[in-house]
J.: 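Got a structure for you, written out below as structure tokens; questions coming shortly.
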Amino acid sequence: MVVVAQLARASDCGSECRRFETDLPPLKGCLSTSFFIPQTATKKKIQIPIFVNSKKIKMGKIIIAIDGHSSCGKSTMAKMLAEKLGYLYLDSGAMYRAVTLYALRNNLIDKGEIIYQKLIDQLYKIKIGFSKNPITRKNETYLNGENIEDEIRQLPVSNLVSSIATIPEVRNIMVKQQQLFGKDKGIVMDGRDIGTVVFPDAELKIFMTALPKIRAQRRYDELKAKGKGSCVSFEDILKNVKNRDKKDTNRKISPLKIAPGAIILDNSNLTRQEQLTWVVKKANKIIKKNAC
Ligand code: DC
């Protein structure tokens, strides 16, 4: 009954690298931690015994929460930002996608309907991990030890993930894990509820958005570049983007909204570099202020 999450640092592990005890062999240069979740997590309070040997929090380190619409480049921006600042990066959406893939593979979806109780009863079997690919230097997502990074980006998962993300029991577990990762600050996390629920006190909160058509085109180009453009049409992707916006913003639990104090970044007409420069400037200003 263990859910393990391992998170690779965005940059190589420096002397200030935080080390968490884990029941898996720790990966070199990684932050790793384990979460013990009772099978009856739905009814009982989730207990998370944490064994933390964290070193002194580096002066000035902050939490950067990035929320926003799907496919607007949050993850890309968050990764680049983390790399630039030497911070950890966590893609919270990948965690919900991993749960969705588990549900798909384990017959917990029947004719498009989630079999809620069965999924909740099996949450304890799901181990989500992150590890940095030594060749691409990108964080990749693991489900019970298997690299699922590609599969969780495909339409079967994308079409269902918003529904899985509305399940309170799933969210409770994910949020607790995410908060643990940010315990020592120095982290960039992207998602839908990072600035509102996971880290409402984050020093820097950003809300990213772009026009739906532009977001769909970006995702389509991405799939085409991976040789998967022929499997899906632009219209299908646009429909998926709009559907997810609707679900993410209208759901009862932790709906996507602009967190108090968040800065809005509409990147419809911005290059990645322009966005990065803009955000790094904001972050450095706060980090500098925090260090005083
Ligand atoms: O960022 P993404 O598209 O990979 O997210 C996948 C889904 O997970 C998306 O429909 C919204 C949901 N999600 C969420 O509810 N809360 C988060 N913190 C991150 C993602």
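We count ligands from 1, going down the list as the structure has it; atoms in each ligand are counted the same way. In this text the structure is predicted, and so the values were computed from the model without any measurement.
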J.: Using distance alone, with no hydrogens and no angle criterion, decide if Glu149 and Thr141 have a side-chain donor and acceptor under 3.5 Å apart.
T.: yes
J.: Strictly below 4.0 Å, N to O, side chains only: are Glu83 and Arg137 in salt-bridge contact?
T.: yes
J.: How close does the nearest protein non-hydrogen atom get to atom 3 (O) of ligand 1, and which residue and atom is it?
T.: Arg244 NH1, 2.9 Å
J.: Do me a favour and list the nearest non-hydrogen protein atom to atom 16 (N) of ligand 1 with residue, atom name and distance?
T.: Arg171 NH2, 3.0 Å
J.: Of the protein's non-hydrogen atoms, which lies at the shortest distance from atom 10 (O) of ligand 1, and what is that distance?
T.: Ser162 OG, 2.9 Å
J.: What's the shortest distance from atom 1 (O) of ligand 1 to any protein heavy atom, and which residue and atom give it?
T.: Arg192 NH1, 2.9 Å
J.: Is a donor from one side chain sitting under 3.5 angstrom from an acceptor on the other, for Lys247 and Ser163?
T.: yes
J.: Given Ser71, which of Arg215, Arg219, Arg218 fulfils the side-chain hydrogen bond (donor to acceptor under 3.5 Å, both in side chains) condition?
T.: Arg219
J.: Can the positive tip of Lys282 be found less than 6.0 Å from the middle of the six-membered ring of Trp278, inside 45° of the ring normal?
T.: yes
J.: For Asp221 and Gln217, which I'm curious about, is there any donor-acceptor pair between the side chains at under 3.5 Å?
T.: yes
J.: Among all protein heavy atoms, pick the one closest to atom 18 (N) of ligand 1 and tell me residue, atom and distance.
T.: Asp193 OD1, 2.8 Å
J.: Show me which atoms of ligand 1 lie under 4.0 Å from any heavy atom of Arg251.
T.: 14 (C), 15 (O), 16 (N)
J.: Salt-bridge test for Glu203 and Lys185: reply yes if a basic N is under 4.0 Å from a carboxylate O, no otherwise.
T.: yes
J.: Below 4.0 Å, non-hydrogen atoms only: which portion of Asp248 touches ligand 1? Side chain, backbone, both or neither.
T.: side chain
J.: By number and element, which atoms of ligand 1 are closer than 4.0 Å to a non-hydrogen atom of Val161?
T.: 6 (C), 7 (C), 8 (O), 10 (O)
J.: Would you find a donor on one side and an acceptor on the other, under 3.5 Å apart, between the side chain of Asp67 and the backbone of Phe207?
T.: no
J.: Can you tell me the protein heavy atom closest to atom 19 (C) of ligand 1 and the distance?
T.: Ser92 OG, 3.3 Å
J.: For ligand 1, which part of Met189 has a heavy atom less than 4.0 Å away: the side chain, the backbone, both, or neither?
T.: neither
J.: Considering non-hydrogen atoms of the protein only, which is the closest contact for atom 20 (C) of ligand 1, and what is the distance?
T.: Gly93 CA, 3.5 Å
J.: For residues Ser158 and Val161, report the shortest heavy-atom separation together with the two atoms involved.
T.: O-CG1, 3.5 Å
J.: Below 4.0 angstrom from a heavy atom of Ala165, which ligand 1 atoms are there? Numbered from 1 as shown, please.
T.: 12 (C), 15 (O)
J.: Tell me, which protein residue and heavy-atom name are nearest atom 6 (C) of ligand 1, and how many Å apart are they?
T.: Arg97 NE, 3.7 Å
